[in-house]
**Student:** 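I am attaching a structure below and will ask some questions about it afterwards.
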Amino acid sequence: MTLGHSHSPQANDRSITPAQLEHFEKEFAARPANRLMQNAVTQTPVDDIALDRRIVTAVDHSVSHHLDDWKVTNQKKSGRCWMFAGLNLLRVGAAEKLGVKDFEFSQNYVLWWDKFERANYFLESIVATSDRDVDDRTVAHLLGDPISDGGQWNMFVALVAKHGLVPKSAMPETDSSSATGPMNRALKGLLRRGARDLRRLAAEGVEAQREHKREVLAAVHRVLSIHLGTPPQKFLWQWRDKDQEFHREGWMTPTEFAAAYVQIPVDDYVCLVHDPRESSPVGRTFTVEHLGNIVEAPPVVYLNVEMDLLKKLSMDAVVGGEPVWFGCDVGQMMRADLGIWDAELYDYEAVYDASFEMDKAARLLHRETLMTHAMLFTGVDVVDGAPRRWRVENSWGDERADKGFWTMNDSWFGEHVFEVAVRRSALPAELAAVLDEPPIVLPAWDPMGSLAD
């Protein structure tokens, strides 16, 4: 056995050698800019160094079309952005009908039903895949995150259609709805144990599996009720409007309340996405295996369109007076204390003297991006018929940005927005017709199956 370093070409190709390290160190020291950046970044957050001041000073929060005249909401330490964004869209019409300035539907109520339905959806997926090995890629994907807070537009619509809505006063927030971690930990433990047992029962048939599933769901029901409270079957609804006039509607069920106060046809909305990968044809619908929350609900379906159409339909909706639900990769090129997004907000290439260039398709393929968050467009700045910047209602409270309303430059929309929900009637006729065609089915682990949280 010979000690020391091999100097064969093969070893040099595969291993880091002392000669390589010496070369890298000399190369680093030879450029004064590297030492300057080292001195700066070792004492200051890199985002403060990379922040492009020209972009910051060019951004203000004004827009030509501005809808919001209400307070933002706060999802706190939970991944409920998609349902907050959905409820924020619906509360606009509800507040107008009630004659109040601010109104909130109960986010906790929707959370309870999403968790319970999601548990059933997961267990049914386990039953459907119980003939596969536990390390099968789909099974491993299901077990990797049995129940999360995140979701999609179609999942929100399915919850409203089946379970209705209640005002926040009928099922207020709890400690666990605002910080879901401990509750989710218990639920995941129950569901993974349930998955193990359901797979063991596969040889005895589906009836035996479903009988055991009911026991698992009973435990899930207890956990949810302990953490979130019990969802009301009916409640007494009364309120005082902005003119201090008192109103009493009487006893209502959640479905009656939704029917009375949801002022837009949410089941007529379609989810448009921008997926520029070569494997994703424009003008086709897609769905993702095992993506959903309610077993009997319609599948989550996307229509892939060009980015220019995504922008135009969003702009037209806001200009027409209606906010727009959208999903994006929120953490990219974001400045939280200023509440702004821009595609070139940070000049990391200047800091590191390295290229980070990847187009949107490559970022999707190589897992550099995916949809992570959902919000509302509540304003747009239109110049010569085209959007220049967007006003965004976030659900992170009112301490940052313009009292919780953020500003997105249009460059960021093109790079980091993935989907919007718009009325079917807004689509060009040829695309509306495509919605009735069978969707292409993507595997469960495809990045377009990501959940906004």
**Student:** Pair Asp275, Asn304 - check side chain to side chain donor-acceptor pair (under 3.5 Å), show working.
**Tutor:** CA-CA 6 Å; Asp275 180 357; Asn304 195 26; 5.3 Å; no
**Student:** If the test is side-chain hydrogen bond (donor to acceptor under 3.5 Å, both in side chains), which one of Thr407, Asp342, Asp48 qualifies with Arg335?
**Tutor:**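 Testing each of Thr407, Asp342, Asp48 against Arg335, the sole residue satisfying side-chain hydrogen bond (donor to acceptor under 3.5 Å, both in side chains) is Asp48.
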**Student:** Picking from Val318, Leu89, Leu67, what satisfies side-chain contact (heavy atoms from CB on, under 4.5 Å) with Leu376?
**Tutor:**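 The side-chain contact (heavy atoms from CB on, under 4.5 Å) with Leu376 is passed solely by Leu89 among Val318, Leu89, Leu67.
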**Student:** Have His373 and Asn394 got a donor and an acceptor in their side chains that come within less than 3.5 Å?
**Tutor:**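 The answer is yes; a qualifying pair exists.
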**Student:** Got a sec, which residues hit side-chain hydrogen bond (donor to acceptor under 3.5 Å, both in side chains) with Glu117, two or more places apart in sequence or on another chain?
**Tutor:**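 Applying side-chain hydrogen bond (donor to acceptor under 3.5 Å, both in side chains) to Glu117 gives Lys162, His163.
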**Student:** Is the Phe103 ring parallel, tilted or perpendicular to the Phe257 ring (thresholds 30°, 60°)?
**Tutor:**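 Tilted: the ring planes of Phe103 and Phe257 meet at 30° to 60°.
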**Student:** Who are the salt bridge (Lys or Arg N to Asp or Glu O under 4.0 Å) partners of Arg388, not counting sequence neighbours?
**Tutor:**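 By the salt bridge (Lys or Arg N to Asp or Glu O under 4.0 Å) rule, Arg388 matches Asp381.
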**Student:** Decide yes or no on side chain to side chain contact (heavy atoms under 4.5 Å, CB included) for Asn88 and Thr73, but give the supporting numbers first.
**Tutor:** CA-CA 8 Å; Asn88 288 342; Thr73 52; 3.2 Å; yes
**Student:** Please report the closest heavy-atom contact between Gly283 and Leu303, naming both atoms and the distance.
**Tutor:**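 Smallest interatomic distance, heavy atoms only, reads C-CD1, 4.0 Å.
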**Student:** How close do Asp268 and Ser425 get, counting heavy atoms only, and between which atoms?
**Tutor:**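 Scanning both residues completely, I find the closest heavy atoms to be OD2-N, 4.4 Å.
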**Student:** Give a yes or no answer on whether the side chain of Arg284 reaches the backbone of Pro439 with a donor-acceptor pair at less than 3.5 Å.
**Tutor:**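 Not confirmed, Arg284 side chain does not pair with Pro439 backbone.
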**Student:** Dump the intermediate steps for salt bridge (charged side-chain N to carboxylate O under 4.0 Å, His left out) on Asp337 and Arg400, then the final yes or no.
**Tutor:** CA-CA 6 Å; Asp337 56 340; Arg400 293 178 286 188; over 6 Å; no
**Student:** In terms of side-chain heavy atoms, does Asp149 have a donor or acceptor partner in Ser78 at a distance below 3.5 Å?
**Tutor:**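 Side-chain D/A pair, Asp149 to Ser78: absent.
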**Student:** Could you give me the CA-CA distance, side-chain angles and deciding distance for Phe377 and Phe413, then say whether ring pair (Phe, Tyr, Trp, His ring centres under 6.0 Å) is met?
**Tutor:** CA-CA 11 Å; Phe377 288 127; Phe413 190 127; 5.3 Å; yes
**Student:** Using modelled atom types only, decide if a donor and an acceptor are shared between the side chain of Asp133 and the backbone of Asp136 within a distance under 3.5 Å.
**Tutor:**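 A pair under 3.5 Å: no.
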**Student:** Please report the shortest heavy-atom distance between Glu289 and Pro443, naming the atom on each side.
**Tutor:**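 So the minimum-distance heavy-atom pair works out to OE1-CA, 3.6 Å.
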**Student:** Step through it carefully: locate the ring centre of Trp153, locate the ring centre of Phe156, and say whether they are under 6.0 Å apart.
**Tutor:**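 They qualify: ring centres under 6.0 Å apart.
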**Student:** Over 60° means perpendicular and under 30° means parallel, so tell me whether Trp113 and Phe116 are parallel, tilted or perpendicular.
**Tutor:**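 Plane angle over 60°, so perpendicular.
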**Student:** Side chains of Thr174 and Ser176: is there a donor and an acceptor less than 3.5 Å apart?
**Tutor:**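 There is no such pair (donor and acceptor under 3.5 Å, judged by atom type) between the side chains of Thr174 and Ser176.
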**Student:** Can you check whether Ala362's main-chain N or O pairs, donor with acceptor, with His366's side chain at less than 3.5 Å?
**Tutor:**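 Between the backbone of Ala362 and the side chain of His366 there is a qualifying donor-acceptor contact (under 3.5 Å).
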**Student:** Does Ser280 use its side chain to pair, donor to acceptor, with the backbone of Pro276 at less than 3.5 Å?
**Tutor:**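 No, because the side chain of Ser280 does not come within donor-acceptor range (under 3.5 Å) of the backbone of Pro276.
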**Student:** For the residue pair Asn293 and Lys115, confirm or rule out a side-chain donor-acceptor distance under 3.5 Å.
**Tutor:**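 The answer is no; no qualifying pair exists.
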**Student:** Do any pairs count as a side chain to side chain donor-acceptor pair (under 3.5 Å) and have a residue in residues 441-453, sequence neighbours left out, and if so which ones?
**Tutor:**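 Every side chain to side chain donor-acceptor pair (under 3.5 Å) pair that includes a residue of residues 441-453, provided the two are not neighbours, is Arg277-Asp446.
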**Student:** Please walk me through it: do Lys234 and Glu256 pass salt bridge (charged side-chain N to carboxylate O under 4.0 Å, His left out)?
**Tutor:** CA-CA 9 Å; Lys234 62 179 181 178; Glu256 289 170 342; over 6 Å; no
**Student:** How would you list, by chain and number, every residue that makes a side chain to side chain contact (heavy atoms under 4.5 Å, CB included) with Asn154, sequence neighbours excluded?
**Tutor:**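 Here the qualifying residues are Cys271, Val300.
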**Student:** Minimum heavy-atom separation for Gln75 and Arg80, please, with both atom names.
**Tutor:**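 Closest pair (atom of Gln75, atom of Arg80, distance): O-NH2, 3.3 Å.
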**Student:** Centre of Tyr261's six-membered ring, under 6.0 Å away, within 45 degrees of the axis: is that where NZ or CZ of Lys97 sits?
**Tutor:**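 Judged by the rule, Lys97 and Tyr261 form a cation-pi pair.
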**Student:** Determine, step by step, whether Asp347 and Tyr352 satisfy the side chain to side chain donor-acceptor pair (under 3.5 Å) criterion, reporting the C-alpha distance in whole Å, the side-chain angles of both residues, the deciding distance to 0.1 Å, and the verdict.
**Tutor:** CA-CA 9 Å; Asp347 190 355; Tyr352 300 117; over 6 Å; no
**Student:** Decide yes or no on side chain to side chain contact (heavy atoms under 4.5 Å, CB included) for Ile294 and Met155, but give the supporting numbers first.
**Tutor:** CA-CA 8 Å; Ile294 297 179; Met155 296 161 66; over 6 Å; no
**Student:** Is there a donor-acceptor contact under 3.5 Å linking the side chains of Glu393 and Trp70?
**Tutor:**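 There is such a pair (donor and acceptor under 3.5 Å, judged by atom type) between the side chains of Glu393 and Trp70.
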**Student:** Spell out, as yes or no, whether a donor-acceptor pair under 3.5 Å connects the side chain of Thr287 to the backbone of Val301.
**Tutor:**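 Judged by distance alone, no pair lies under 3.5 Å.
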**Student:** Run Arg363 and Asp359 through salt bridge (charged side-chain N to carboxylate O under 4.0 Å, His left out) and show every step you take.
**Tutor:** CA-CA 6 Å; Arg363 294 198 304 270; Asp359 63 23; over 6 Å; no
**Student:** Given Trp82 and Trp325, is the ring pair (Phe, Tyr, Trp, His ring centres under 6.0 Å) satisfied, shown in steps?
**Tutor:** CA-CA 8 Å; Trp82 59 287; Trp325 185 103; 8.4 Å; no
**Student:** With a 6.0 Å cut-off on ring centres, are Trp390 and Trp412 close enough?
**Tutor:**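 No.
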**Student:** Would you find a donor on one side and an acceptor on the other, under 3.5 Å apart, between the side chain of Tyr346 and the backbone of Met334?
**Tutor:**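 Confirmed, Tyr346 side chain pairs with Met334 backbone.
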**Student:** Keeping Arg91 on the side-chain end and Asp102 on the backbone end, is there a donor-acceptor pair under 3.5 Å?
**Tutor:**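 No, because the side chain of Arg91 does not come within donor-acceptor range (under 3.5 Å) of the backbone of Asp102.
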**Student:** After noting the C-alpha distance and the side-chain angles of Asn108 and Lys168, does the key distance pass the side chain to side chain donor-acceptor pair (under 3.5 Å) rule?
**Tutor:** CA-CA 8 Å; Asn108 187 26; Lys168 195 165 188 173; over 6 Å; no
**Student:** For the residue pair Lys213 and Asn120, confirm or rule out a side-chain donor-acceptor distance under 3.5 Å.
**Tutor:**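 Lys213 vs Asn120: donor-acceptor pair found between side chains.
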**Student:** For Asp145 and Arg118, run salt bridge (charged side-chain N to carboxylate O under 4.0 Å, His left out): C-alpha distance rounded to whole Å, both residues' side-chain angles, the deciding distance at 0.1 Å, then the answer.
**Tutor:** CA-CA 11 Å; Asp145 194 5; Arg118 191 93 60 108; over 6 Å; no
**Student:** Would a distance-only check, ignoring hydrogens and angles, find a side-chain to backbone donor-acceptor pair under 3.5 Å from Ser225 to His221?
**Tutor:**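 Present.
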**Student:** For Gln209, enumerate each residue passing the side-chain hydrogen bond (donor to acceptor under 3.5 Å, both in side chains) test, keeping only those at least two apart in sequence or located in another chain.
**Tutor:**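 With neighbours one apart ignored, the set is Ser130.
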**Student:** Got a donor-acceptor contact below 3.5 angstrom from the Tyr302 side chain to the Met448 backbone?
**Tutor:**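 Yes; at least one donor-acceptor contact below 3.5 Å.
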**Student:** Step through the shown structure and confirm whether more than 12 heavy atoms of other residues, nucleotides or ligands are within 6.0 Å of CD on Glu430.
**Tutor:**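 For Glu430, atom CD is crowded (more than 12 foreign heavy atoms under 6.0 Å).
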**Student:** What are the two closest non-hydrogen atoms of Ala343 and Met333, and how far apart are they?
**Tutor:**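 Closest approach of Ala343 to Met333, heavy atoms only: O-CG, 3.5 Å.
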**Student:** Between His416 (side chain only) and Asp329 (backbone N and O only), is there a donor and an acceptor less than 3.5 Å apart?
**Tutor:**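 Side chain of His416 to backbone of Asp329: no pair is present.
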**Student:** For side chain to side chain donor-acceptor pair (under 3.5 Å), just list the numbers for Arg391 and His61, CA-CA rounded to whole Å, side-chain angles, deciding distance to a tenth of an Å, and then say yes or no.
**Tutor:** CA-CA 7 Å; Arg391 183 171 169 86; His61 294 290; 5.4 Å; no
**Student:** Holding to salt bridge (Lys or Arg N to Asp or Glu O under 4.0 Å), I want the full list of residues that pass it with Glu419, two or more places apart in sequence or in another chain.
**Tutor:**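 Partners of Glu419 by the salt bridge (Lys or Arg N to Asp or Glu O under 4.0 Å) criterion come out as none, since no residue qualifies.
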**Student:** Looking only at heavy atoms, which two atoms of Ser106 and Met171 are closest? And how far apart?
**Tutor:**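 The pair with the smallest heavy-atom distance is OG-O, 2.6 Å.
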